[in-house]
Number of protein chains: 2
Amino acid sequence: MLKIDIIGRGNVALHLAKAFEGKADTTIVNPRTIEGLRADSDIYLISVTDKAIPEVFSRIKDANGIIAHTSGSTSISLLEREKGRYGVFYPLQTFSKASKPDYSTIPVFVEASDTTSKESLMEAARLFSGNVKEASSELRGKLHLASVFSCNFVNHLWAIADAYLKENGGDFRDLLPLIDETCRKIHSKTPAECQTGPANRLDYPTIELQMQKLDSTPDRQQIYEALTESIIQMHHKIEKRDERNKL
Amino acid sequence: MLKIDIIGRGNVALHLAKAFEGKADTTIVNPRTIEGLRADSDIYLISVTDKAIPEVFSRIKDANGIIAHTSGSTSISLLEREKGRYGVFYPLQTFSKASKPDYSTIPVFVEASDTTSKESLMEAARLFSGNVKEASSELRGKLHLASVFSCNFVNHLWAIADAYLKENGGDFRDLLPLIDETCRKIHSKTPAECQTGPANRLDYPTIELQMQKLDSTPDRQQIYEALTESIIQMHHKIEKRDERNKL
């Protein structure tokens with residue numbers, strides 16, 4: 001059985017420990033004290049905030065096994081060390097205390113200092129995930145940026161809708177069936193194919209009306225405008241050019 | 001059994017017919033010819049594009065039953081008529097040919113010229129939906145705007161992520177587990193409570209890095225900036241003010 005030390009106390013660390021349960025010999029190590037760190041583990045996963053990685057690394061950098069961090073936007077080069085092997089083990093999912101994700105569907109992106117370490121990290125990932133891939137630090141950074149658009153920004157649009165409806169006597173809960181369906185659709189079609197709404201059908205009267213409704217909140221208006229422009233640009237490049245020519 | 005004529009050939013019309021199946025006596029009427037319109041129906045649902053509503057209305061405006069449209073952003077006043085009753089029957093969901101929504105969860109917002117008509121429209125909505133509410137044209141317009149943020153704009157962020165990953169050798173499919181979890185989370189907490197990501201944790205180095213990654217695509221950069229600013233404003237009002245004071 002692979003021996004894996006998970007250094008961290010956050011949600012990622014806790015969920016990785018759960019994901020490996022019964023499949024690897026894991027232990028959770030407090031990142032501040034490094035108490036309980038085992039000398040003979042195969043893999044040391046540094047699962048702390050991006051900022052804290054260098055400090056934790058400096059404390060365990062003489063370990064014999066592979067040292068890997070689990071961050072989306074941190075380069076592998078931060079873990080460079082002359083003698084030892086190192087890498088990245090990035091599970092692309094959002095983890096919270098209450099969540100019970102299906103670990104087998106979580107994509108894990110691996111990068112390593114050498115082929116043997118890469119194989120070991122991929123072997124570890126395959127213990128729970130059916131979707132294990134190699135990714136350079138560059139591609140991983142791009143996946144992380146794409147996930148900011150797909151998850152953080154998406155969630156904030158919902159937060160805006162929630163706040164807006166609260167201010168106006170509506171209830172965000174009434175949007176949940178629509179949101180679920182919007183999310184369901186992109187499993188069988190590309191998001192571009194699923195696009196609907198006023199911007200997509202170039203319904204300028206509705207766009208104008210909705211911009212007016214937002215004029216007391218400039219940040220929402222700015223988001224409305226930027227996204228509307230971008231939808232028109234993606235779906236109606238020709239029409240837009242035509243309209244510009246008319247001016 | 002309520003007699004309902006559905007005037008329209010689009011997805012909303014077809015799904016309404018399905019939703020009423022076995023629960024009301026419905027017929028679908030071609031909006032161009034009005035062929036098959038029944039003289040003695042209780043309700044006439046005009047389910048066409050917003051632009052086409054006035055023309056269809058002008059053709060059926062002498063009908064005895066209640067005339068209602070199904071649009072989110074069109075005022076009830078468009079259907080005003082001296083003698084007859086009228087209203088709005090707005091199902092808040094996105095409908096496509098392939099979709100099989102659970103009709104019982106779709107919120108239906110009703111508005112009418114008089115109390116009796118309101119009761120009839122609500123009775124009709126309750127035939128398939130467990131979430132029937134009254135909403136003024138003003139609130140309905142706001143619900144529609146909130147749904148543009150929650151559905152159209154969200155889908156476009158996914159389309160951007162898809163395009164960006166295609167350009168860089170990544171695969172949008174790898175984001176689906178993350179997207180599903182993001183959507184699942186807002187069922188038990190508010191979106192504001194679920195917010196994560198670089199902007200939410202004021203991780204300026206990552207924000208800076210990601211802005212640089214987008215500098216060849218100004219429209220994406222603009223969206224990134226507007227949403228990042230807005231997240232900081234919503235979650236860190238004090239910190240932001242502090243920082244401004246420092247300048």
Side-chain angles (χ1 to χ4, degrees), chain A residues 73 92-94 99 101 105-107 139 142-143 145-162 164-165 168-170 174-183 186-187 190-192 194-199 206 209-210 213 219 222-223 226-227 229-231 233-234, chain B residues 73 92-94 99 101 105-107 139 142-143 145-162 164-165 168-170 174-183 186-187 190-192 194-199 206 209-210 213 219 222-223 226-227 229-231 233-234:
Chain A
S73 52
L92 183 46
Q93 181 55 285
T94 173
S99 69
T105 65
I106 298 176
L139 176 55
K142 284 168 177 171
L143 283 160
L145 176 48
S147 81
V148 167
F149 274 84
S150 302
C151 165
N152 306 147
F153 287 172
V154 159
N155 186 75
H156 184 60
L157 290 179
W158 292 333
I160 290 175
D162 186 11
Y164 177 73
L165 286 177
N168 289 287
D174 288 331
L175 292 178
L176 288 177
L178 174 67
I179 287 170
D180 289 343
E181 177 68 11
T182 305
C183 178
I186 58 162
H187 283 258
T190 69
C194 294
Q195 193 63 51
T196 58
T206 299
L209 223 84
Q210 298 197 325
K213 282 200 172 96
D219 64 319
Q222 204 184 347
I223 290 167
L227 283 163
E229 264 292 310
S230 176
I231 291 171
Q233 208 165 311
M234 185 181 283
Chain B
S73 53
L92 183 46
Q93 182 53 286
T94 173
S99 69
T105 66
I106 298 176
L139 176 57
K142 284 167 177 172
L143 284 160
L145 176 49
S147 80
V148 167
F149 274 83
S150 302
C151 164
N152 307 146
F153 288 171
V154 159
N155 185 75
H156 183 60
L157 290 178
W158 293 333
I160 289 175
D162 186 11
Y164 178 72
L165 287 178
N168 290 288
D174 289 331
L175 293 177
L176 288 177
L178 173 68
I179 288 170
D180 289 344
E181 177 67 11
T182 305
C183 179
I186 57 162
H187 283 257
T190 70
C194 294
Q195 193 63 51
T196 59
T206 299
L209 223 85
Q210 299 198 323
K213 281 202 173 93
D219 64 318
Q222 204 185 347
I223 290 166
L227 284 162
E229 263 293 308
S230 176
I231 290 171
Q233 208 166 310
M234 185 181 281

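The chains referred to below are lettered A, B, ... by the order of the sequence lines, with proteins before strands, and numbering in each begins at 1. Hydrogens, waters and symmetry mates play no part in the numbers below; they use all other heavy atoms, side chains included.
Heavy atoms of L227(B) lying under 4.5 Å from chain A belong to its backbone as well as its side chain. For T206(A), the part sitting under 4.5 Å from any heavy atom of chain B is the side chain, from C-beta outward, and nothing else. The parts of F149(A) that come within reach of chain B are both its backbone and its side chain, each placing non-hydrogen atoms under 4.5 angstrom from that chain. If you measure heavy-atom distances from V154(B) to chain A, the contacts under 4.5 Å come from both the backbone and the side chain. The part of L165(B) that comes within reach of chain A is its side chain, from C-beta onward, which places non-hydrogen atoms under 4.5 angstrom from that chain.
In this structure, CD on Q195(B) lies 9.0 Å from CZ on F153(A), to the nearest 0.5 angstrom. Interatomic distance, CG of L175(A) versus CG of L143(B), reported as 6.5 Å (0.5 Å rounding). Taken to the nearest 0.5 Å, the CG atom of N155(A) stands 12.5 Å off from the CD1 atom of I179(B). Between M234(B) atom CE and H156(A) atom NE2 the span is 4.5 Å, to the nearest 0.5 Å. To the nearest 0.5 angstrom, E181(A) atom CD is 10.5 Å from C183(B) atom SG.
Among P101(A), A199(A), P198(A), the residue with the largest count of heavy-atom pairs under 4.5 Å with chain B is P198(A). Among the candidates G170(B), A192(B), S147(B), the residue making the largest number of heavy-atom pairs closer than 4.5 Å to chain A is S147(B). Between chain A and the residues N168(B), T105(B), L209(B), the most heavy-atom pairs under 4.5 angstrom are made by N168(B). Note: L157(B) leads L139(B), L157(B), L92(B), I106(B) in heavy-atom pairs under 4.5 Å with chain A.
Between the side chain of Q93(B) and the main chain of P177(A), a donor-acceptor pair closer than 3.5 Å is present. Distance alone, capped at 3.5 Å, is enough to place a donor-acceptor pair between the N152(A) side chain and the T196(B) backbone. In this structure a side-chain-to-backbone donor-acceptor pair under 3.5 Å is missing from D219(B) to S230(A).
D162(B) is linked by a salt bridge (Lys or Arg N to Asp or Glu O under 4.0 Å) to K166(B), counting only residues two or more places apart in sequence or in another chain. Applying the salt bridge (Lys or Arg N to Asp or Glu O under 4.0 Å) test to D180(B) and every residue at least two apart in sequence or in another chain returns nothing.
L176(A) and I186(B) get closest at one heavy-atom pair: CD2-CD1, 3.7 Å. Listed here is the closest heavy atom pair of A161(B) and S150(A): CB-OG, 3.2 Å. Listed here is the closest heavy atom pair of Q210(A) and V148(B): OE1-CG2, 3.6 Å.
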Under the side chain to side chain contact (heavy atoms under 4.5 Å, CB included) rule, what do W158(A) and T190(B) come out as? Steps first, then yes or no, please.
CA-CA 9 Å; W158(A) 292 333; T190(B) 70; over 6 Å; no
